[in-house]
Visitor: 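Structure provided below as structure tokens; questions to follow.
Sequence positions, counted from 1, serve as the residue numbers for this chain. Predicted model only: the values in this text are computed from it and were never measured. Ligands are counted one by one from 1 in listed order, and the atoms in each one are counted from 1 as well.
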Amino acid sequence: MKQPRENPVAPTSRWMAAARARETEREDRLFSDPLAASLAGDEGFGWLEQMESPYGGATGPGMYAVVRTRYFDDFLLEACERSGAEQVVLLAAGLDTRAFRLEWPSGVKLFELDLPEVLGHKEAIIKEARATPNCERHLVSADLQRDDWPDALEGCGYDPEKPSVWLIEGLLFYLTRRSVRELLDKVGTLSGPGERLGLDLMNWNMMFSPVAWTQMNALARRGAKGRFGTNVPEEFLADHGWKATAVQFGDADANYGRLPTAPAPRPIPGVPRSFFVTAARL
Ligand code: SAM
């Protein structure tokens, strides 16, 4: 029987794991992810090398993944602590190991949602490592571009009546504008006032910038083309019922001493930018 084709964005999860594995080797690491090297495998390290070759590693996409990981580690823990939310939903969780790495408040249920091929690979590695999570962990195999993922989430024990913290990390860039809007609408339907959401976004200039061209082209050749960006993340999120704050990758709050220069101020036009967004449901 013919096997269904893998979603071309699925292997990007291994690239992210490779970046976290490399960070784990550093003495001044921003986090430790001991499972990351096995999760990444040769394929993940191959992606990392190819994507970074034009940047020499210093501020390239691997460092983006590392700073983003730490930024949203802090966001998730702070949001749970402040709001008392006991449900955390990671949409497009990929090979994320926060269930194992972070010290969650007691009672937290963490839902990892991704494609079956990604979660299958992840579970095989985690089982072999005999790792134990620091929270109640639930895996939800689902396609976020379909309408039925909220049912799959509820089928795994998620309670829409209880407050949650949401994260959409490393996904929206690959989706069409329409898919992004549909996804945010579904998250909005499941969220109550005050619930928190974290996500990352590129701006439009990133798609067409000569600085990012080599990476964009390499992704497109692998079938994982960049499709969505916005220059006004706060307005885009407001359209979907969220009050958002955006910082740029490299800003004082999203740097951790890893980037030599601050990003260009927002009013300067035509600059490629990447944003870490945190939001509260209106
Ligand atoms: N959030 C993880 C991280 O930061 O390491 C993974 C990010 S990775 C760049 C993108 C993830 O999006 C992959 O794990 C991929 O499988 C997932 N993804 C892409 N399209 C998806 C879809 N339609 N439904 C569910 N997951 C999807």
Visitor: So does Arg266 pair up with Asp251, basic N to acidic O under 4.0 Å?
Guide: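 No.
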
Visitor: Please determine whether salt bridge (charged side-chain N to carboxylate O under 4.0 Å, His left out) holds for the pair Lys162 and Glu86, giving the CA-CA distance in whole Å, both sets of side-chain angles, and the decisive distance to 0.1 Å.
Guide: CA-CA 8 Å; Lys162 292 191 175 158; Glu86 291 189 344; over 6 Å; no

Visitor: Less than 3.5 Å apart, any donor N or O on the side chain of Asp200 or Tyr64 sitting next to an acceptor on the other?
Guide: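 Judged by distance alone, the side chains do pair up.
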
Visitor: For Asn231, enumerate each residue passing the side-chain hydrogen bond (donor to acceptor under 3.5 Å, both in side chains) test, keeping only those at least two apart in sequence or located in another chain.
Guide: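 Only Asn205 meet the side-chain hydrogen bond (donor to acceptor under 3.5 Å, both in side chains) criterion with Asn231.
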
Visitor: Which parts of the protein, at residue level, reach under 4.0 Å of ligand 1 through a heavy atom?
Guide: Asn7, Val9, Ala10, Thr12, Ser13, Met16, Arg20, Arg68, Ala92, Ala93, Gly94, Asp114, Leu115, Val118, Ala142, Asp143, Leu144, Gln145, Glu169, Gly170, Leu171

Visitor: Using a strict threshold of under 4.0 Å (side-chain N to carboxylate O), is an ion pair present between Lys186 and Asp147?
Guide: yes

Visitor: For the CZ atom of Phe75 and the CZ atom of Arg196, what is their distance to the nearest 0.5 Å?
Guide: 4.5 Å

